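Contents: one structure, followed by commentary.
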Amino acid sequence: MSLAPEDASVHRALGLSDEEYENIHGLLGRHPNHLELAMYSVMWSEHCSYKSSKIHLKRLPTEAPWVLVGPGENAGVIDVGDGIAVAIRIESHNHPSAIEPYQGAATGVGGILRDIFTMGARPIAVMDPLRFGPLDDPRSRWIAEGVISGVSGYGNSVGVPTVGGEVVFDETYKGNPLVNVLAMGTLPVERLVLGRASGVGNLAVLLGASTGRDGIGGVSVLASAGFDETSEDADKRPSVQVGDPFEEKRLLEACLELLDEGLVIGIQDLGGAGITCATSETASRGGAGMDVDISAIHSREEGMEPFELMTSESQERMLAIVEPESLDRVLEISTRWEIAASVIGRVTGDGQLRILDGFDGNVLAELPASTLHDDAPEYDRPLAPPDDLIERRSLDASVGPVDCAANLLALLRDPAWVYSQYDHQLFLNTVVGPGSDGTLLRLRDPKTGRETGRALGMSTDGNHRWCHVDPRQGTAMVVAEAAMNIACVGAEPMAVVNCLNFGNPEHPDVMWQLSEAVDGMSEACTAFNAPVVGGNVSLYNETNAVDIAPTPVVGIIGLHPELSNQPPGITVDSDSMIVLLGQQPKEDVSMAGSLWAWEIGGCKDGTLPEFDLVQTVRTAAFVAEIVQKNRVEAVHDVGEGGLAVALAEMAIQSGIGMLINGFDDHRALFNESGGRVIVALSDTNLESFLKESTNRGVPVQMIGRTGGSSLVLGSTIDLSIAELTSASRDELPQALGQGTVSG
Amino acid sequence: MRFEVKIEVSPRKGIANPEGSTIERTLPALGFKTAGDVRVGKVIRLQVEADSSAAAKTIAQDMCDRFLSNPVIEDASVEVLDT
Amino acid sequence: MRFEVKIEVSPRKGIANPEGSTIERTLPALGFKTAGDVRVGKVIRLQVEADSSAAAKTIAQDMCDRFLSNPVIEDASVEVLDT
Amino acid sequence: MSQRVGVVRFPGTNCEFDTVDAVNELGGQAKVLWHGDSDLGDVDAIVIPGGFAHGDYLRCGAIARFSPIMDSIAAFARNGGPVLGICNGFQVLTEAGLLPGALQKNIGLKFLCCMQQIQFVSTTNIVGVGARVGDLLSIPINHFEGNYVCSEDTLRQLEEENRIVFRYTDNPNGSIGDIAGISNEPGNVVGMMPHPERATSMLLGSNDGSSLIQSLLAAGPIPTA
Ligand SMILES: Nc1ncnc2c1ncn2[C@@H]1O[C@H](COP(=O)(O)OP(=O)(O)O)[C@@H](O)[C@H]1O
Ligand SMILES: [Mg+2]
């Protein structure tokens with residue numbers, strides 16, 4: 001093989017620093033050639049190597065007796081009893097979605113699903129926490145509309161229901177949307193497979209779509225460059241990938257059939273860094289090496305260069321490691337599902353990843369497989385809080401143009417227009433779908449389909465406002481909010497996955513945010529006894545050198561132990577009592593980080609309201625229990641927009657008014673002090689409920705009654721249900737449903 | 001003046017075209033053994049009010065770039081038809 | 001010989017064309033005040049192996065009638081392009 | 001009685017197992033039929049379930065209708081065998097010419113997944129056993145192309161021959177005449193956009209779909225002219 005000594009420009013153009021280049025030189029004991037350099041550059045990119053964040057992620061709690069697979073594999077896996085395991089993972093597709101919103105989101109869904117079936121699980125749910133620039137910005141509308149259509153177009157067609165998510169609009173995401181996608185699947189515990197290649201002589205079979213020039217260098221270009229309006233997006237055009245949900249569906253069914261028949265030793269999806277990543281990861285995890293025949297790769301275009309084939313991010317491909325005896329059957333199943341299959345590799349015993357032109361042909365690259373990720377750089381980047389932190393925290397976020405009724409109308413936004421575009425019912429598991437707090441899915445045996453009488457609660461949550469004000473407490477509050485959402489459908493937390501969406505890690509304040517967020521997440525996950533089983537880090541979320549507000553997003557999963565009927569939901573009956581659970585804030589509670597402060601008051605800083613994590617854990621446990629026992633008629637947690645928004649949502653969905661006493665100023669109505677839940681129940685049950693709640697150490701307060709056709713909130717708000725409804729329901733269809741332009 | 005404009009939007013070369021490839025895979029089963037390289041695009045016809053044919057083309061081109069296609073993955077051609 | 005064939009499939013006159021009408025409704029809001037009468041169709045390009053251009057057209061027409069268009073809602077036109 | 005129900009699976013179908021579950025739950029015996037086989041085996045009825053057969057590329061159902069199993073289904077239908085197409089299944093039946101008309105994109109150009117109210121217009125078909133004209137049902141829809149279109153002649157014929165099975169009470173997709181489902185003339189072939197299998201348990205919000213599936217199980221072959 002020809003080893004050309006490198007001139008400095010090549011590795012830099014590929015995004016490798018001089019130091020990283022020296023490192024490679026040392027590992028190989030010689031200068032790498034271009035192909036080798038390309039392989040290191042994709043594998044050592046931020047996206048694949050987590051080089052800036054790894055050192056912090058180690059502080060997350062990751063263990064519990066029910067955790068079967070923690071972070072580091074394609075997906076986290078937990079044991080939920082009855083021989084059933086649940087695989088779960090979340091990922092970002094932020095940068096691709098900024099350029100081609102539909103395909104960016106579509107391929108985001110496709111990618112995360114492969115992470116799930118790679119583990120041997122059938123994906124049964126997707127969730128899509130989405131964040132866009134403001135609705136009055138045309139390009140942000142275009143991105144939002146495209147992304148939502150992309151999730152819908154791909155998710156519905158591939159046949160996995162999208163059962164929940166978030167949709168947030170804020171200035172901070174203008175130019176840099178956040179498109180995170182979570183997927184969950186179930187599998188019989190004994191079918192768990194891991195992405196490893198072992199057994200010298202075993203074959204690596206590339207399954208699925210042909211390899212084209214999609215996302216060549218996409219890993220480095222798309223994941224490590226911010227977008228500014230001056231640079232022509234055109235440069236990044238060839239990197240866009242197009243998703244094919246039909247190919248994915250066939251690939252999924254074929255892979256599940258291969259797994260059912262026990263035909264694969266290991267299996268790995270092809271994501272970022274394509275074949276380079278899949279071959280090196282499977283080989284090094286299995287303590288093996290691999291010979292890869294580049295001429296065997298089925299490609300979409302003529303004349304593709306080896307480095308293109310090795311780094312292409314073409315979608316809908318998988319790499320299966322099979323014994324030679326099984327090959328015929330593997331090919332038979334592939335043919336039945338109309339899936340292309342090529343033997344592209346052989347497992348070897350020497351730990352080397354060799355790229356060959358024909359198994360007996362020229363050696364194009366040769367490197368120790370494990371060096372591509374085990375030896376990836378790890379940085380302890382400088383971190384520091386912003387210089388003006390103290391000053392910022394001293395601001396009063398409660399000032400602004402107070403008009404409580406008008407403020408309430410302005411803060412309402414029903415996401416139904418979004419989730420009604422998603423099939424959220426497929427597989428007949430959706431007991432509580434999008435539109436309440438958590439989602440609740442029947443848990444059925446993945447082998448027999450038999451009901452277990454139990455259910456899985458899920459929610460995704462993020463809050464850039466809280467995290468901007470205080471990334472540590474803000475992140476803890478986000479985890480608590482997620483836990484409270486699933487408590488509202490009767491589920492107790494078991495595990496968390498997270499997507500850390502942050503700005504440029506070369507900025508010390510961004511690294512500080514990330515580090516603080518990790519600590520806040522650790523504290524809260526420990527308190528809820530919900531270890532982190534997986535995650536994803538997305539950095540360089542910036543526009544014109546301005547970083548986004550820190551946005552850690554968590555996905556939580558928990559169990560409802562005994563499901564006999566639908567949980568109460570957020571809709572109330574007439575003439576019920578309304579009770580508020582959880583610690584009530586003082587009159588002068590801080591408004592910092594609240595939706596009101598950002599959208600109405602215009603102040604983005606201050607100090608977050610006090611947050612009692614221990615009390616919140618206790619309240620969440622109590623809420624889960626009363627939901628399981630059907631003790632209440634309705635339940636809804638207080639989140640964004642505070643009590644006023646939560647009550648309005650209940651009134652709108654029920655079509656029934658409320659009369660609430662007290663809460664006479666905007667602080668009381670819109671503060672976002674954590675850990676509070678609204679419940680509705682009948683008069684006859686009230687007495688005993690209040691007593692029990694107090695006995696359980698959960699503060700409780702009777703605040704009003706349902707009835708009539710208006711929401712009367714203290715002395716400042718008296719709005720008809722009709723008015724509230726149109727303010728909330730019409731906004732998204734009016735802004736996004738009428739067609740959008742790219743700007 | 002009113003001009004009839006025809007806009008053809010097609011997937012860029014090198015970009016995957018799942019619809020085209022699926023149709024292509026189907027053709028042999030229908031007895032069309034001799035066809036291949038299928039690409040599917042969109043064609044949009046509309047009327048534009050403008051002072052001249054050139055002005056109509058400019059309007060249609062703008063519509064095309066900002067609304068009807070995404071140049072990142074699609075090529076578009078605009079044609080003002082004789083009337 | 002290989003011929004490049006272009007097939008245009010368009011919504012039948014008299015049959016509602018939701019895509020066209022939506023674009024039409026949308027255009028004014030996006031600042032395109034001067035356009036109307038929008039119809040959205042498909043264009044399918046493929047290669048056909050045949051002895052002559054006329055033979056290629058026959059094959060493509062057959063494909064079109066049996067598969068590529070649905071006469072209940074669509075009209076189709078077939079064109080063999082010069083090569 | 002049509003106890004044994006064949007549920008057709010094309011590549012891209014995704015509601016086949018939900019349909020199997022619903023049929024089994026309601027006392028039938030469902031089995032999945034692969035689109036590439038032409039033998040229907042011993043089945044008393046066929047359901048073509050929802051999903052995206054062949055990715056719904058070109059047009060929904062356009063590729064599926066060429067699958068080997070479709071000729072057998074056509075023959076089965078000609079002999080009066082009960083055939084129900086749900087959602088994508090309805091689209092396949094129109095493409096295959098077993099039902100008239102076509103299904104276009106929703107008028108709002110968005111996919112729609114939500115509960116929808118429909119009303120029985122005709123009960124002289126395989127889903128109408130035990131039902132009365134005017135009965136209201138809440139059944140989810142889940143489609144992008146559910147906007148039924150046909151020529152005026154066809155519409156008149158459907159009306160005259162009492163072949164409109166359901167109409168929406170609040171038309172979500174622009175369907176001509178608010179049509180949510182139709183049948184062939186004898187009533188043994190029915191296509192409908194709403195998903196009855198998704199409305200078979202109060203735990204999931206409605207069981208109004210159960211009666212339709214029970215009707216299918218109760219209906220025998222219908223004599224054809
Ligand atoms: N992008 C989306 N996709 C699917 N469901 C969504 C989306 N956005 C919001 N939802 C659903 O709408 C409901 C309300 O969302 P949200 O206001 O974020 O809830 P909460 O404040 O309780 O976390 C939830 O059930 C959520 O899953
Ligand atoms: Mg909530």
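Computed from a predicted model, the values in this text were never measured in an experiment.
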> Is there any salt bridge (charged side-chain N to carboxylate O under 4.0 Å, His left out) pair reaching into residues 18-35 of chain B, and which pairs are they, with sequence neighbours excluded?
Replying inline: E338(A)-R25(B)

> Which bit of T26(B) is near chain C, if near means a heavy-atom gap under 4.5 Å: side chain, backbone, both or neither?
Replying inline: side chain

> When rounded to the nearest 0.5 angstrom, what distance separates CG in L27(B) from CG in L46(C)?
Replying inline: 7.0 Å

> For chain C, which of V9(B), V5(B), D62(B) has the most heavy-atom pairs under 4.5 Å?
Replying inline: D62(B)

>> Any carboxylate oxygen within less than 4.0 angstrom of a Lys/Arg side-chain nitrogen, looking at E8(C) and K6(B)?
In response: yes

> If every non-hydrogen atom of M63(B) is compared with every non-hydrogen atom of F32(C), which pair is closest and at what distance?
Replying inline: CA-CZ, 3.5 Å

> Which pair of non-hydrogen atoms, one from K42(B) and one from V40(C), has the smallest distance, and what is that distance?
Replying inline: CD-CG1, 4.2 Å

> Which residue out of I44(C), L68(C), I7(C) racks up the most heavy-atom pairs below 4.5 Å with chain B?
Replying inline: I44(C)

> Between R45(B) (side chain) and G41(C) (backbone), is there a donor-acceptor pair under 3.5 Å?
Replying inline: no

> Taking only residues two or more places apart in sequence or in another chain, which ones pass side-chain hydrogen bond (donor to acceptor under 3.5 Å, both in side chains) with Q61(C)?
Replying inline: D65(C)

